[in-house]
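Structure first, commentary second.
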2 protein chains.
Amino acid sequence: MTEAVSRPTLEAVAARAGVSRATVSRVVNGGDGVREPLARRVRQAVAELGYVPNQAARSLVTKRHDAVAVVIAEPEARVFADPFFALQLRGISKELTAHDNQLVLLLIEGRDDHARVARYLSGGHVDGALVFSLHLDDPLPGLIQDAGVPTVFGGRPGWGDDGRAAKDPGVVYVDCDNRGGARAAVRHLVGLGRRRIAHLTGALDQTSAVDRLDGYRDVMAEVPGGNDPRLVVESDFTPAGGERAMRELLDRCPDVDAVFAANDLTALGALRVLRASGRRVPEDVAVIGFDDMLPVTEEADPPLTTVRQDIEQMGRLMARLLLRGLSHGRDRMDGRVRADGRDGTDVRDRPDGPGRSGTAVDGPGAGGVVLPTTLIRRASA
Amino acid sequence: MTEAVSRPTLEAVAARAGVSRATVSRVVNGGDGVREPLARRVRQAVAELGYVPNQAARSLVTKRHDAVAVVIAEPEARVFADPFFALQLRGISKELTAHDNQLVLLLIEGRDDHARVARYLSGGHVDGALVFSLHLDDPLPGLIQDAGVPTVFGGRPGWGDDGRAAKDPGVVYVDCDNRGGARAAVRHLVGLGRRRIAHLTGALDQTSAVDRLDGYRDVMAEVPGGNDPRLVVESDFTPAGGERAMRELLDRCPDVDAVFAANDLTALGALRVLRASGRRVPEDVAVIGFDDMLPVTEEADPPLTTVRQDIEQMGRLMARLLLRGLSHGRDRMDGRVRADGRDGTDVRDRPDGPGRSGTAVDGPGAGGVVLPTTLIRRASA
DNA sequence: CTGAAAGCGCTAACAT
DNA sequence: ATGTTAGCGCTTTCAG
């Protein structure tokens with residue numbers, strides 16, 4: 001292992017190129033206003049010495065860090081049960097990398113960690129934050145707002161009275177069209193001729209679960225007998241919860257002919273209970289999930305029809321919005337992030353095929369960007 | 001959102017407390033050699049002003065960053081198919097947090113990214129790196145060694161001729177006892193009275209797959225007819241690969257009565273093919289997996305007997321070893337990481353129950369720390 | 001278009 | 001035990 005030998009400084013490069021430090025600095029940072037022959041000499045010296053700018057020194061004067069924090073709270077470690085997390089990170093990482101920003105990962109393990117994270121964020125160590133707000137009652141978003149760090153949330157924030165946060169144009173978030181996706185799923189079941197369509201909800205302290213339930217209700221309101229409350233069973237996004245809910249459902253409504261589960265894991269549990277009860281899927285009961293968690297949906301028996309959301313794209317978009325706000329901030333806006341100016345490239349670049357649902361923007365004035373979902377037909381419905 | 005108002009500096013705190021900057025600095029950094037009354041005044045001022053040290057300024061002079069990079073290469077995105085990644089990160093994060101270090105996440109998407117990561121690591125932005133080396137031919141480890149950054153690898157590194165790297169005491173890594181775990185699994189099958197025990201390998205360009213195969217062979221060498229090469233089918237750690245391999249196996253050896261799959265996903269594929277072929281598990285064919293990937297093993301049909309490795313613990317240990325090397329380095333060792341001084345607290349704190357396998361240290365002189373595995377009995381074997 | 005000089009906020013000798 | 005001082009490596013006016 002080589003000794004951590006002191007790296008060359010601007011000074012060294014300047015000496016070697018026979019110019020001043022200022023000139024080297026200019027070249028290194030884009031090189032405006034340096035005549036080509038000189039610039040070339042500088043670049044040469046940089047290459048020869050293997051010069052890499054000292055980020056600490058740079059930050060000290062620019063007050064920028066080219067780093068953003070990604071904050072992930074993982075209460076019951078549910079986040080870790082699925083590949084969600086990884087995909088989001090991947091999208092975020094790609095976008096940050098493309099803009100030469102570093103990703104500082106902040107995992108929250110428990111209540112105590114909130115203070116730590118808040119302190120870090122207020123400490124001015126990063127230029128902004130991407131925050132995944134999982135629960136309606138999570139104190140974290142509030143703390144972060146107080147910290148005064150430009151922030152983009154992942155998933156519609158649910159804090160505040162009646163989801164007030166999501167309507168505050170100062171709060172920027174990215175989400176998938178949970179409600180629209182749910183509608184598409186239920187409509188599909190209706191189109192299949194099903195009438196006793198049930199819903200196994202997700203954990204209702206998360207906005208995604210609430211929105212999917214709302215979407216279900218939107219469509220069922222138009223189905224004769226569709227507002228039978230026994231058709232909705234509360235669950236929690238887990239396979240075990242799905243089993244429990246499905247048993248309960250079978251008890252309440254033995255005549256059920258379709259199930260829209262709040263996510264694929266829940267659908268998996270339902271599938272098992274249905275099989276055990278002697279029902280055939282989809283002949284007797286059609287089943288649809290949500291997320292399109294690949295290993296799960298494709299390997300399910302039968303393969304699961306589901307509503308796909310592009311997790312990685314959500315990550316990318318979050319990062320993009322944050323970075324955009326940051327660059328504004330540098331010029332004159334004090335870093336306030338805004339969700340407008342949605343050029344949408346890369347986001348809505350897929351053809352508008354059948355089964356497509358949702359709009360790309362959830363109403364004017366809101367700080368939320370909502371990505372469309374797609375119904376993926378497999379064997380279960 | 002509050003304006004990014006300039007935070008208070010040491011100077012401000014000093015003024016308020018009526019002392020010099022140096023004194024404040026001393027108090028903030030542990031407070032040796034400052035008399036209590038004074039120290040109290042300083043702490044008071046710090047609290048009142050909400051002072052947080054400027055990390056950039058501090059790094060500039062100390063040349064330390066209290067940050068480590070976590071480098072994850074994810075070739076075919078396989079990493080993201082399972083919760084592995086998340087668990088490792090969680091373990092790492094916990095340990096780093098406990099020592100006030102930041103986690104900078106570097107995801108490698110393709111060949112081009114290697115250079116970028118190498119440059120970042122050489123750039124002296126972090127104090128050390130935790131690197132997951134997935135493939136035998138990965139150029140990354142070499143680049144990282146050149147970068148001269150204290151590093152701990154996740155998983156036995158396979159580069160160099162014949163795994164030379166793992167024997168270099170200068171190369172530190174943490175792995176689970178793949179070979180021992182495999183032995184335990186196969187021994188269990190033997191104990192069940194099985195004789196035609198097959199192995200579906202993992203991707204053999206990863207040391208974990210190679211080691212598990214070796215473990216299988218260790219035991220089979222003592223089983224009559226156990227060295228039948230047809231009993232080993234190469235696969236790739238995926239469910240689809242598992243299906244393919246299992247079909248091939250059934251073709252070659254219809255009399256197979258047990259299968260040790262290189263991981264749980266592979267076992268899942270095997271299970272499906274076995275069912276389709278009309279075989280009962282475990283009556284006709286016993287099946288064992290590896291990893292104990294919970295959602296998969298518990299939800300499998302039948303629930304999967306498997307070899308558990310404590311992923312999170314591996315992450316913790318990697319971070320701990322790195323941090324330990326770093327603190328040595330600060331005193332006098334130029335940051336060289338060493339795998340000795342294994343106090344092992346938290347690592348070997350579980351009772352030595354039955355089915356336990358492996359040693360905590362893989363031979364003297366090597367830079368590797370190998371964590372034990374546990375056989376988890378469920379219904380499939 | 002280029003160079004000289006003034007700090008950014010902090011730590012670590014060195015004084016006292 | 002506390003204060004004074006000299007930079008860490010860089011960007012950025014400000015002159016020329």
Side-chain angles (χ1 to χ4, degrees), chain A residues 4-43 45-46 49-67 100 122-127 330-331, chain B residues 4-43 45-46 49-67 100 122-127 330-331:
Chain A
V5 59
S6 59
R7 343 211 100 274
T9 70
L10 257 199
E11 184 84 48
V13 177
R16 177 158 193 120
V19 300
S20 73
R21 285 171 7 212
T23 298
V24 178
S25 177
R26 287 181 187 113
V27 172
V28 168
N29 296 294
D32 314 324
V34 177
R35 253 190 280 264
E36 191 43 43
L38 242 199
R40 191 194 320 289
R41 281 229 311 277
V42 171
R43 278 192 290 267
V46 165
L49 265 41
Y51 169 76
V52 179
N54 179 321
Q55 182 63 44
R58 179 180 277 175
S59 293
L60 187 54
V61 35
T62 62
K63 277 134 172 32
R64 287 180 37 230
H65 306 268
D66 296 318
D100 271 309
S122 325
H125 303 299
V126 291
D127 301 325
R330 245 174 269 153
D331 295 342
Chain B
V5 60
S6 58
R7 343 209 102 273
T9 70
L10 256 200
E11 184 82 49
V13 178
R16 178 157 193 120
V19 299
S20 75
R21 284 171 7 212
T23 298
V24 179
S25 178
R26 288 183 186 110
V27 172
V28 169
N29 297 294
D32 315 324
V34 177
R35 254 190 280 265
E36 192 41 43
L38 242 199
R40 192 193 319 288
R41 281 225 314 275
V42 171
R43 278 192 289 267
V46 165
L49 266 38
Y51 168 76
V52 179
N54 179 323
Q55 182 62 43
R58 178 180 280 174
S59 292
L60 187 53
V61 35
T62 62
K63 277 133 171 31
R64 288 182 36 233
H65 305 268
D66 296 318
D100 271 309
S122 324
H125 303 298
V126 291
D127 300 324
R330 244 174 271 152
D331 294 342

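Convention: sequence-line order gives letters A, B, ...; per-chain numbering from 1.
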Would you check if the side chain of B:H125 reaches a backbone N or O of B:A67 as a donor-acceptor pair within less than 3.5 Å?
no
Return the set of residues passing side chain to side chain contact (heavy atoms under 4.5 Å, CB included) with A:R58 (not counting sequence neighbours), or none when no residue passes.
A:V28, A:N29, A:P53, A:Q55, A:T62
Going 5' to 3' through nucleotides 8-16 of chain D and flagging B where a protein heavy-atom sits under 4.0 Å of the base, S where only the sugar-phosphate is that close, and - otherwise, we get BBBBBB---
Is there a side-chain contact between B:T9 and B:N54 in this structure, where contact means two heavy atoms from C-beta onward sitting under 4.5 Å apart?
no
List the residues meeting side chain to side chain contact (heavy atoms under 4.5 Å, CB included) with A:R26, not counting sequence neighbours, and say none if there are none.
A:A22, A:T23, A:V34
For residues 35-43 of chain A, run the donor-acceptor check on the side chains, cut-off 3.5 Å, and write out each pair with its distance to 0.1 Å, sequence neighbours left out.
{"residue": "A:E36", "atom": "OE2", "partner": "A:R43", "partner atom": "NH2", "Å": "2.6"}
{"residue": "A:R41", "atom": "NE", "partner": "A:A17", "partner atom": "O", "Å": "3.1"}
{"residue": "A:R41", "atom": "NH2", "partner": "A:A17", "partner atom": "O", "Å": "2.9"}

Quick one: bend of the helix from C:dC1-D:dG16 to C:dT16-D:dA1 from 5 pairs per end, to 10°?
40°
Mind listing the closest non-hydrogen atom pair of A:L49 and A:R16 along with its distance?
CD1-CD, 3.2 Å
Any sub-3.5 Å donor-acceptor pair from B:R7's side-chain atoms to A:S122's backbone N or O?
yes
Check against side chain to side chain contact (heavy atoms under 4.5 Å, CB included), B:L10 and B:V24:
CA-CA 7 Å; B:L10 256 200; B:V24 179; 3.0 Å; yes
If you look at every heavy atom in B:V52 and A:G123, which pair is closest and at what distance?
CG1-CA, 3.8 Å
Nucleotide range of DNA chain C contacted by chain A, 5' to 3', under 4.0 Å to a heavy atom?
C:dC1 to C:dG9
Any A:H65 side-chain heavy atom under 4.5 Å of A:D127 side chain:
yes
